[in-house]
Amino acid sequence: MKAMRDELNRSFTKLAEVGDTRTYFIAYSVVEENFKKSFLFSQGALVREGNPHRFRRADVEIRIGNRSFDSTHYLRNTSGRVRFSNLRPFSLPIDDHPEAIRAALWIATDRSFKDALEKLAELRTNVSLKVDEQDTSDDFSKESPVEFSQSAAPFNPNLEQLKFSAKDLSRMFLPHPWIYNSQVNVMAHDNVFYYANTEGTQLVIGENLLSLAIHAHTVAADGMELRLYKNYYARSENKLPPSEMLRNDVADLIQNLSHLREAPIVEPYSGPAIISGRAAAVFFHEILGHRLEGHRNRIVAEGQTFVQKLGQKILPDFMSIVDDPSRTEYRGNPLNGHYTYDDEGVAAQNVTLIDSGILKNFLMCRKPVRGFPASNGHGRRSLGRFAVARQGNLIVESSQTVSPDRLREMLINECRKQGKPFGYVFLEIEGGFTFTGRDFPQAFKVLPLLVKRVYADGRPDEWVRGVDIVGTPLTGLEQILAVGDDPEIFNGVCGAESGSVAVSAVSPSILVKSIEIEKAKHEQERPPILPPPGEAD
Amino acid sequence: MVRRLRVVWMAWALAGAAYAEPSELFWAMEKEMERSTRKLRLENLDIPYYLAYTAFDEDGITLMANFGALNHSSASRQRQIAVDLRVGGYRFDNRNFIGRRGSRTELAALPIEDDTVVIRRALWLATDRAFKQASEEISAKRAALEKQIDTGDPLYDFSTEAVETYEDPPISLDLIQTEWERRVRSASAMFRNYPNIESSEIQLRAGVATRYFLDSEKRKLVLRKFHFTVEIGASATTPDGQTIQQGMALEENDSVALPTEEALQKAVQQLAGRLNQFYDAQAASADYIGPVLLSPEAAATFLTYALAPHLSGGKPPVFENPRHAQRYAGGDFLNRLGQKVMPDFMTVMDDPYQTRFMDHAIMGSYRYDQEGIAGQKVVLVEKGILKNFLMSRTPMNGFDRSNGHGRGQPSRVPAARAGCLYVTGKATPFKELWEKFLDLCRDEGLEDGYFITTLGPPVQPVSRSSNEIVLSMGGSREKNMLSVYGAYRVDIASGDSIPIRGLEIMEPKSRDLRLILDAGADMTVDNYWDDKRSSGRIPASLVCPSFLLKEMEVVKSQPEKSKPPLLPHPTFGTR
């Protein structure tokens, strides 16, 4: 840290005035990952064992110009799209050797400075050539400097025990040779994020991470590839679910995969459906969350679905949504999207996005938009990218809820009312994606993994496969009829223009009046020709 | 390792039973192979007639350091299996065909534990995929041939070869990671004595690679190879904006002959000294055409372009897209058997079996090739006349057998390639060569000539490092140019020479071999990664002397004019 500080001060003083340009901001970010161990098992056998190692990656952000117009200004092309410029990450010594660290920062700072100069020259031409911008906000918000240091709790997970339980879980797949591939991956590491900028902000934040990822794969008789996942994240060993529960989850996963293999492929449909908590969480992350990321409001090529909807009702009045990265847990379960300071050194804030159905706010990074001059601690990125506003822990809550059983009754009633023979329940989803630009429809897609058909006439439920949920945001949000009292957490990683960041979304299950499903893409490779080894050979 | 190998050479008839073998891995491979060759059938489709499994087991360490500090240190172990499956028959099969997918084998991860149930399942699924792939390939190959004139090709697609069984003795891997961390750190700290070096890096990779080979013709091989490489790279920017890079590598294949700490430090000093020499050197002011003397190192690089790619035999593949034929074109010598391809004092042979030459490790050496065929010594060029080709199991007219040169990276179908080429000439003493060079220049009325000591592709070996500081800088941007990393301008009148920076040459072509006027007595071993072919990246070696070339075009490189860093180095602030 001292090495960072020293080199930062030296660079800032010396680079401040080179020629006719002014460097007004430099920030160093360093991500240190200390791998304790990782184990990858396939069907009970060890495939890879990652040994302890550490690496440090860093990048340098330099802003030339001034707050109202600097070298990070959005560069527009003919259709108004913005080219996001990248930073160049580099590796830093893992030894705490100040001279070697400073030597690496020195050469990287020099390179970033030259990149920024080039960018600024390009921008000046760009601004002259294009029409005036609609949003003339500054390029960089003013934030007060902070100094914060927090080391992670001592982290000495019992690696042998973790290895043993991973192997044990993985062995559960062994009696099922029709599961062509299964993986149980345990990884333990602690990360330290170092950040220093020329405004005086200085952060050292440690974090422990234990992850357990389970994945199973098979192929249906018609060639469709079927996959199910189960991921767990925890900041300490005792926060992982107990082994009995993990074993039950794996048993469920195997059973669900076997149901799916036998399940029929369904035809496109539109009608009432229940989206269970985890699936609904992704639904809100995609259709709402990404459209409330504030920086999009100043990009002409973006859909800007909600820019003019501030203060208006966009959801039923019993629903509220916040994004609160400062929370580490939700009802005792870890939230993966937690952070204390964002990647621009701004404290994470609890932002009320929707209050009783009314749109109240946007997620903000340090790139201001009209009416929102300051960051609210949502500037996030992976190394090598410039930060934009991103989600952290998106939490959907409702003042009126019903029990899952009641929600199911309501689904059946809704089917009858609409004259539909059946509705759908979406239980697990793989993820989803959405287009926020104007070149494509403002559509979203949620990719369900586990889907059940619920009949209005009381026939037993039926598993189905091969469907994707499609929709458009404004219509999608209008369809919500009721909300369950069973919030669930989706922990995952979200990729967007500023890279991959850890996110969580929490939502109860929701009943929607109408949802559209379409056929999912479908592989054509036939299952293995020979039976599994050991059987009838 | 060389010593141990000699022991084995005498005892290899006994091998197979003598060493502790992961019999479980072979048992699983045998079981799946037997079942697959007997039962893997689909109606109306060709049957598998040849199946080979190669398990690659890699155990090793990777370290990186710069400026006295470690950047990376890790140890890893992994196993992969490559499945090579041929459908049809020896006469016509799915191979020797470049389709949409290139020419690949099926590669899958294997557990590092000898768990036969799990290994068999991995083999089962990979074999299944390989069979489906092979079936698609053979039908695409037939379709492609429909469009071509039927030449009634009498050549088989796959040759018949002797079957062997062999096992290398175990190699104990006793590299102490922390000890090598310390050595690499201390060596990289030597760069602290050279203030004008902007960035530097040392990378160490070492380990044991074991290959378990089993095929349906009953070859069974266990091949073990120790490898150790330290790459050192550094760069600096001259005041006039030119990036100077130097790189070198220390390689060893004998686990008891590893470089000492002092040797590493000495190498760094040598490299840094060389870098400084060219940092302070005069920038080239004009292009040059005329006689050039190449050191053995520069001659080796010259030959990796002008000679090595042209010695492979094998019938030309069938192309799904005829436009690709250009890219995969065979060597220049395919139709020149019995013709003069080099000056008549030159001889070229390939001998993959030798693991050392004088005191140097030959990293391209091997005992059995990727197709399980024993590597043979092949005389390719004798007194300048092309006598033979490097052959894999893909035959060609007049060459119906492999000579053990079927090579490729694990995921690719092997093709004929060099292991270690030995190029010899007149063995003229260097002093005489030097005089000859001066005379030649004098005869042409030149005031200066060039002595080139290091040539290389525009990016140095450090390019594979994770430290972009070294890499992103660099040399020539022209694809078909080679950077001259070490050049001396020799004043013909006095015989004095001075270093010159900022030069490049055209990539040497096979016709340039005719320009060799004389070859020295000094020999060197050049180990390099050969990655210019469709069968992927493989280690290869070249042993050769210095050359006197009648003529070479040495041109001034495009000026870069990248500004040197605006601030001085943080440690050497006063520069």
Side-chain angles (χ1 to χ4, degrees), chain A residues 3 6-7 10-11 13-15 18 35 40-57 88-111 113-114 170 174 177 180-181 525-534 537, chain B residues 28 31-32 34-36 39-42 64-79 109-115 117-125 127-129 131-132 185 188-189 192 198-199 465-469 472 562-571 573:
Chain A
D6 289 348
E7 195 53 29
R10 186 175 81 116
S11 302
T13 335
K14 298 267 178 64
L15 292 178
V18 174
F35 276 90
L40 175 65
F41 286 95
S42 181
Q43 295 156 104
L46 187 63
V47 174
R48 204 169 53 228
E49 180 164 344
N51 292 309
H53 67 275
R54 159 203 271 209
F55 62 84
R56 282 180 178 156
R57 305 273 297 158
R88 299 194 242 180
F90 53 97
S91 64
L92 214 57
I94 52 178
D95 291 333
D96 286 327
H97 185 310
E99 285 187 3
I101 291 173
R102 285 188 66 175
L105 289 172
W106 160 65
I107 206 84
T109 308
D110 188 74
R111 204 175 46 194
F113 175 73
K114 287 167 184 165
S170 182
L174 201 56
Y180 300 131
N181 188 10
E525 219 50 63
R526 60 186 282 177
I529 298 159
L530 296 182
D537 56 19
Chain B
K31 277 284 178 192
E32 272 319 290
E34 188 274 327
R35 191 169 80 112
S36 305
K39 287 191 168 172
L40 199 54
R41 305 275 188 274
L42 276 181
M64 288 177 214
N66 65 37
F67 211 61
L70 218 52
N71 265 26
H72 176 90
S73 172
S74 65
S76 71
R77 166 96 194 274
Q78 62 166 346
R79 258 189 201 173
L110 273 192
I112 51 180
E113 296 179 294
D114 287 330
D115 180 324
V117 176
V118 183
I119 294 171
R120 283 187 70 182
R121 282 198 196 159
L123 291 171
W124 162 53
L125 295 170
T127 312
D128 187 80
R129 286 195 303 271
F131 174 61
K132 288 167 180 165
R185 222 187 245 128
S188 82
R192 297 159 56 84
E198 277 156 30
S199 51
S465 96
S466 66
N467 191 338
E468 303 82 345
I469 298 177
S472 62
S562 53
K563 278 187 190 164
L566 293 149
L567 300 188
H569 193 288
T571 308

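This structure is a prediction, so every number in the text was calculated from the model and none was measured. Basis for what follows: all heavy atoms, side chains included, without hydrogens, waters or symmetry-related copies. Here is the naming used below: chain letters follow the sequence lines, and residue numbers restart at 1 for every chain.
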Open item on the list: Given heavy-atom pairs under 4.5 angstrom as the criterion, report whether the side chain, backbone, both or neither of Leu70(B) touches chain A.
Closed with: both

Task: Flag if over 12 foreign heavy atoms under 6.0 Å of CZ, Arg192(B) - done: yes

Task: NE2 on His569(B) to CG on Asp110(A), rounded to 0.5 Å - done: 12.0 Å

- [ ] Please tell me if the side chains of Pro177(A) and Arg120(B) come closer than 4.5 Å, counting only heavy atoms from C-beta onward.
- [x] no

TODO: Look at the side chain of Asp128(B) and the backbone N and O of Ile529(A), then say whether any donor-acceptor pair between them is shorter than 3.5 Å.
DONE: yes

TODO: Count the heavy-atom pairs under 4.5 Å between each of Lys132(B), Arg121(B), Arg77(B) and chain A, then report the option with the highest count.
DONE: Arg121(B)

Task: Side chain proximity check, Pro533(A) to Val117(B), heavy atoms < 4.5 angstrom - done: no

- [ ] Pick whichever of Arg56(A), Lys114(A), Glu525(A) has the most heavy-atom pairs under 4.5 Å with chain B.
- [x] Lys114(A)

Task: Glu113(B) side chain vs Leu46(A) backbone, donor-acceptor pair below 3.5 Å - done: yes

- [ ] Could you look at Asp95(A) and say if it's the side chain, the backbone, both or neither that has a heavy atom under 4.5 Å from chain B?
- [x] both

Open item on the list: Let me confirm one number: the CG-CZ distance from Leu566(B) to Phe113(A), rounded to the nearest 0.5 Å.
Closed with: 5.5 Å

Task: Best-contacting candidate, Ser73(B), Ala65(B), Ala189(B), Ala28(B), against chain A by heavy atom pairs under 4.5 angstrom - done: Ser73(B)

Task: Heavy-atom check, side chain of Phe67(B) versus side chain of Pro93(A), under 4.5 Å - done: no

Task: Ile94(A) CD1 to Met64(B) CE distance, which is reported to the nearest 0.5 Å - done: 10.0 Å

Open item on the list: I want to check something: taking the side chain as every heavy atom from C-beta on, are Pro565(B) and Ile107(A) in contact at a cut-off of under 4.5 Å?
Closed with: yes

Task: Leu105(A) versus chain B, the contacting section by heavy-atom distance below 4.5 Å - done: neither

- [ ] Specify which of Pro527(A), Gly50(A), Gly44(A) makes the most heavy-atom pairs with chain B at under 4.5 Å.
- [x] Pro527(A)

Open item on the list: Need one label for Leu92(A): side chain, backbone, both or neither, based on atoms under 4.5 Å from any heavy atom in chain B.
Closed with: backbone

Open item on the list: Parallel, tilted or perpendicular, judged at 30° and 60°: which one describes the rings of His72(B) and His53(A)?
Closed with: tilted

Task: Region of Arg102(A) that comes under 4.5 Å of a non-hydrogen atom in chain B - done: both

- [ ] To the nearest 0.5 Å, tell me how far Asn66(B) CG sits from Ser91(A) OG.
- [x] 7.0 Å

Task: Non-hydrogen atoms of Pro531(A) and Trp124(B) that approach each other most closely - done: O-NE1, 3.4 Å

Task: Asn71(B) CG to Arg57(A) CZ distance, which is reported to the nearest 0.5 Å - done: 10.0 Å

TODO: Could you have a look at Val118(B), Ile112(B), Asp115(B) and say which one has the most heavy-atom pairs with chain A under 4.5 angstrom?
DONE: Ile112(B)

TODO: Measure the spacing between OG1 of Thr127(B) and CG of Leu530(A) and express it to the nearest 0.5 Å.
DONE: 8.5 Å

TODO: With the side chain counted from C-beta on, respond yes when Leu42(B) and Arg526(A) share a heavy-atom pair under 4.5 Å apart, and no when they do not.
DONE: yes

- [ ] Name the region of Glu99(A), side chain, backbone, both or neither, that has any atom closer than 4.5 Å to a heavy atom of chain B.
- [x] both

